[in-house]
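Comments concern the structure below.
Labels below follow one simple rule: chain letters A, B, ... track the order of the sequence lines, proteins then strands, and each chain is numbered from 1.
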Protein chains: 4
Amino acid sequence: MLDIDLASPVPVYDQIKAGLKGLVSKGQLRPGDEAPSIRGLAASLKVNPNTVARAYRELSIEGFLDTRRGGVSLIADSAVQVAKGGLGDAREAFADAARRARRSGLSWQELSEAVRTLMKEEQ
Amino acid sequence: MLDIDLASPVPVYDQIKAGLKGLVSKGQLRPGDEAPSIRGLAASLKVNPNTVARAYRELSIEGFLDTRRGGVSLIADSAVQVAKGGLGDAREAFADAARRARRSGLSWQELSEAVRTLMKEEQ
Amino acid sequence: MLDIDLASPVPVYDQIKAGLKGLVSKGQLRPGDEAPSIRGLAASLKVNPNTVARAYRELSIEGFLDTRRGGVSLIADSAVQVAKGGLGDAREAFADAARRARRSGLSWQELSEAVRTLMKEEQ
Amino acid sequence: MLDIDLASPVPVYDQIKAGLKGLVSKGQLRPGDEAPSIRGLAASLKVNPNTVARAYRELSIEGFLDTRRGGVSLIADSAVQVAKGGLGDAREAFADAARRARRSGLSWQELSEAVRTLMKEEQ
DNA sequence: GTGGTCTAGACCACC
DNA sequence: GTGGTCTAGACCACG
């Protein structure tokens, strides 16, 4: 359901948050839908449930998740708005990465080529 | 001399390593040149000398720097080779960031647009 | 668990690295075993945790330790190989010390006698 | 004249001190002889003159060298006694190295074999 | 609780 | 002045 890179310096719980926001941005998850259970998602990502729990806790505070007693979390009605904010964060993070790549000596041409290549890979 | 982003999740010492490799990749620093002194670079980056020292130590182990006892650090003869490897790392890091951005819901079009925008900003 | 000589000119973190490799060489520690925790080892050696952390970091890079995110450090599967290399280093260091002792005026006879004496001391 | 290992963790000036004491212990240098000049020795060892100067300064304090105005240093009359003390230090350093080698996993047999091998190498 | 990063500041060896 | 080592102690991510 989500793709996590354990080797990345970006915290796993941040990747989980970004991933869920992405699913809403892309419309694969809609307000009112049940979010994956903490334990189930942790198992499928091979990650500690506490890590997922932290992501969900923060998403609840941000108004992206609506966590009910009993443990079920629903995608909140405001999730679409929150996810839009997440898009901005993602853009920022991507821009940072591009600048870092530049400082490492990559040319702009190489960067846009890399984007094209990845696009083809994904199809 | 180098650009460091303290807010980034990428460790500062890794940014320093990548930055120095980038300077060699771009030819702004050549084998035989003196690398900036640990203390001087730390002061100019407003970072603790230990952090720079860690970067330099690892660069020495990697054969990018030639550090003499009680002396100055020189860009090693093999630095160009090592820097080339660094380019690969940078490409990998950038590709990761792009994939993460995708998972966050950004379209490929938005990504290549972001690259174009940044390119213009920099000139 | 390990024996460290703070008065020695050999850096403490190098002694820790050599000691752990020695434990694996001698079979007292095996791949898959948990390495002592950084904080615990630091406390028992009466050394700063950062010093142990540096040793562990380098051992991880060398592929001797398998350090998980937020977790425990395990003796890596390749540790036996790495430890074998460590044996070579130890032999080199010992040979250096012997040559230095020679230059200081000790005879070969004295050196082999010293080895015999130490052997008996240890039993 | 002397053999110095720049890669060793033992300070160069300590190696110089030990080496000179060794020459006296072995009788290759006698009280009243001129010690090599600081600049000449530094040049032949490819070491900074300050480093040799420090060794000579300490040797003077220890009563091993007799430094005259004009820069000439003579082996002092008490040098033989001081050199004997140096032998004890050398023995200690060698014993330490042997213990460290043991901790690294080398057997006593390997150590005495190493001594024998080195002896043959030197002839 | 774990390891990882960073800061601040000490001392040492060497140029 | 340089780099190298070590200490002390902070905060973060993770289990």
*Counting only side-chain N and O atoms of A/T51, is one of them less than 4.0 Å from OP1 or OP2 of F/dG15?*
yes

In whole angstroms, the gap separating C1' of F/dC12 from CZ of A/R54 amounts to 8 Å

Handout entry: Basic-acidic side-chain contact under 4.0 Å: A/R99, A/E92
Key = yes

B/R57 atom CZ is separated from E/dC6 atom P, nearest whole Å, by 12 Å

Side-chain contact check for C/N48: nearest option of F/dA8, E/dC15, E/dC6 is F/dA8

- Task: Compare side-chain N and O positions of B/S37 against OP1 and OP2 of F/dT2 and report whether any pair is under 4.0 Å apart.
- Result: yes

### Query
B/R68 side chain N/O closer than 4.0 Å to the phosphate oxygens (OP1, OP2) of E/dC14?
no

Rounded to whole Å, CD1 of D/I4 lies from P of E/dA13 at a distance of 15 Å

Quick one: does any side-chain atom of A/S104 pair with a main-chain N or O of A/R100 as donor and acceptor, under 3.5 Å?
yes

| message | Just checking A/Y56 against A/F64, ring centres under 6.0 Å apart? | response | no

Exercise. Just to confirm, is there a sub-4.0 Å distance from OP1 or OP2 of E/dC6 to any side-chain nitrogen or oxygen of B/Y13?
Worked result: no

I'd like to know if C/N50 reaches the base of F/dG9 with its side chain, counting only an N/O donor and acceptor under 3.5 Å.
yes

Check this for me, if you would: do A/R91 and A/D89 make a salt bridge, where the nitrogen-to-carboxylate-oxygen distance has to be below 4.0 angstrom? no

Spell out yes or no: do the side chain of B/R39 and the base of F/dG3 have one donor N/O and one acceptor N/O closer than 3.5 Å? yes

